[in-house]
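Here the structure is a predicted model, which is why all the values come from computation and not from measurement.
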Amino acid sequence: MLAVWVEQLLGFASGALTAIREDERYPTLMAWARSEGPALVGGDLALAQALAPELWSQTPLARLGFACEALARPGRNEPCWCDSGRKTKQCCGAVTLPGHVPSHLMWMLSLRDWKGDTLKAALASGRAPAQALLEAGLIAAESGQRGRAQQVLESLFENADWSRLPEQAEPAFEILVDLYQERGFHRKREALLDEVLDRGPLFLRGVALERLCLLHLDNDDLDSARAAFVRAQQALPDSPTLAYIEAMLLLHEGHEEEAAERSRFWFRRLSRQGDLEPEQLQFLADLAENPGATLAEQLLNAEEDLAEPLVSLQALLEALPTAPPLDLRAEDGALAYHRSAREDTLFAAFQAVFQSQVEGEAPMGFDSDPWPQAEDWLPALCAHPEWLDAPAVVQSLALALTSRFGSLPWMAPSLFEPLADRLERWLDQARRTGEATLGWEVADNAVLLRTGLALVVGMERGARQRSRELAETLLTLDDEDSLGLRELVLDQLLREGRDREALALSERAVAAPDEEEGLLGMLMGRVLALFRLGRRDEAAEALAQARRHNPHALAMLCADNPRPASPGTNGTASPGSRAEAWQYRTLMRDQWRATPGALDWLGEQLS
């Protein structure tokens, strides 16, 4: 019965609202209620007459600046407010409504229907109930009206009485953050997060901190992500989401065993509380058993239309046969890879469905995003595994996967390592061919080198040792470092505590720098390695050299919450700029913080 009443109420209220908008006068509504209203409530004229005044009293009217013209509820012996001429007790007072009528219903329906300047004025009036804004925003988001959803939900939080905000505002807040992300409103997103963290209710502050942590992870800012997680833990210590976020954070930091241990801790703790949904409990159990595989499965399932083809791709890569040899030869003191006719044929077949072109001169990237067409090329690739015999196909696949999944450590084992097996077989063949260099400009070598760079980046978080070993192999074959891999190898050596090797690599690079780009990482890497090795005087001298290169780096690294600095329009940071210093801080501050006494020592050098 309740479901029938809800359906009838929504139908009647929508019709009533249409009648009201004709002239915003009460008699017009009552005329409609008597003539057309009964058909919407099972033919019950008395119910239609009794319901209409209730809805009128909560309807915002544009002619009144979106205030309501509420009727005074009559006494039992007073004339009924439906204008029937009878006493209330003999008219609407004798009718019992089948169910509850939400007090914000007509506001919600109005917000759903209004457009343009009228909607803008209604929101600006500040009269809309929070619950109406919440529901109208969620409805707009679910129906794909992203602009309307953003507009309505912004009003919910801009005019928020934080003490009275309903707890159902949590999904609205997350939707608004997602809308800002999808539509490129990054400053608005950050301002909303800051506002909630400053003044929001506890349940929203916890969610904001969780989202902030994920945002920092997406940006590879592990130090800020860790700080946001600690704050979230303090705000919502029993949130199941914390188990998920901590596992992600630890995997990003390269602590696989600790991620498993902490996942087991969260499962024991939260399962004892007994208030989790079965699906949540099962997820925590899976996370405790294998954090990486569970996060990978969750990610693939969240891909909606691509979930099945991505799972098929995982299965294909797991069973991929050994890669065939390539046409690799030594020419004029250099190694040269030449594409064969068969490889060109395979690549042409792949390119018929995968229509994005690799940028010829760029280390990584396409002329267009391949993922909107992934429903076409992923199933086709799974149906034709022989296409992966062509390095150009492997290159395109590696670049595409890195662009979408490269920052997620748990995707490395199933997506990137099988492709690395394939590439390493070809690189081994190159090493056996001769001692010459595999230069970027020679023949089709760029295909192999670009594939290597994509896989090094793709495995950097989830398979660090494999990523470093592949990078070192590429550096051996391409001693000019066309791909800029030395800085990446240095970072990984420092993360693994291999400080002497890191120092040797950094000193070679600093002694004969090929270019300014990436030099700050090498200079500061040398400082960190020297500090860890206890060679403080040499570390201070190295730091002075780093400060001459970039005067912003030390202050940026020491500050707890420095102002971010964006790179230029081409996405690169100029040597010596604040943007370069910010990039280094983002990538490596967690290593300085994890080194006992290192940040304190830097602070002393700064002062």
Side-chain angles (χ1 to χ4, degrees), residues 171 174-175 177-179 181-182 207 210-222 225 228-229 232 239-256 258-260 262-263 266-267 277 279-318 369-375 377-379 381-382 397-420 454-455 457-464 466-467:
E174 297 207 65
I175 286 173
V177 172
D178 288 339
L179 286 170
Q181 176 70 21
E182 292 167 11
V207 176
E210 290 170 354
R211 294 304 295 261
L212 192 61
C213 183
L214 295 175
L215 182 64
H216 289 315
L217 285 178
D218 287 342
N219 294 330
D220 281 337
D221 188 351
L222 300 186
F229 172 76
S239 170
T241 310
L242 292 176
Y244 160 73
I245 292 180
E246 186 170 26
M248 292 176 62
L249 179 58
L250 288 167
L251 288 174
H252 271 278
E253 292 173 337
H255 306 312
E256 296 182 19
E258 189 177 352
R262 290 294 296 172
S263 295
W266 281 109
F267 175 67
E277 298 290 333
E279 295 80 5
Q280 286 181 307
L281 195 60
Q282 184 59 53
F283 174 76
L284 290 174
D286 294 341
L287 198 66
E289 184 174 343
N290 190 327
T294 302
L295 291 173
E297 182 180 359
Q298 184 203 42
L299 176 69
L300 294 183
N301 290 335
E303 290 288 335
E304 297 181 354
D305 296 337
L306 296 182
E308 186 174 340
L310 282 169
V311 170
S312 298
L313 177 64
Q314 284 182 313
L316 166 66
L317 295 177
E318 185 179 0
D369 184 1
W371 286 100
Q373 288 76 44
E375 290 181 64
W377 60 261
L378 266 176
L381 178 61
C382 292
L397 179 59
L399 288 171
L401 292 175
T402 299
S403 70
R404 193 174 183 108
F405 304 114
S407 63
L408 306 176
W410 42 93
M411 302 308 296
S414 61
L415 294 182
F416 295 104
E417 292 195 68
L419 293 177
L455 293 174
V457 173
M459 296 188 298
E460 183 182 3
R461 292 290 187 204
R464 292 182 188 277
R466 186 76 180 274
S467 173

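Across E417 and R466, no two heavy atoms sit closer than the pair OE1-NH1, 3.1 Å. Between F405 and L415, the closest heavy-atom pair is CD1-CD1, 3.7 Å. Nearest heavy-atom pair across A243 and L287 is O-CD2, 3.7 Å.
Around the CD atom of Q280, the shell of radius 6.0 Å holds more than 12 heavy atoms that belong to other residues, nucleotides or ligands. The environment of CD in E174 is crowded: more than 12 heavy-atom neighbours from other residues, nucleotides or ligands sit within 6.0 Å. More than 12 non-hydrogen atoms from other residues, nucleotides or ligands lie less than 6.0 angstrom from CD of Q298.
With hydrogens and angles disregarded, no donor-acceptor distance shorter than 3.5 Å links the side chain of W371 to the backbone of S403. Side-chain atoms of S467 do not come within 3.5 Å of backbone N or O of A463 as any donor-acceptor pair.
Within the model, atoms CD of E256 and CG of N290 stand 9.5 Å from one another, a figure rounded to the nearest 0.5 Å.
Donor-acceptor pairing under 3.5 Å is recorded for the side chains of Q314 and S414.
Annotation: side chain of H252 is in contact with side chain of W410 (closest heavy-atom distance under 4.5 Å).
Note: F283 and W266 fail the aromatic proximity criterion, with ring centroids not under 6.0 Å apart.
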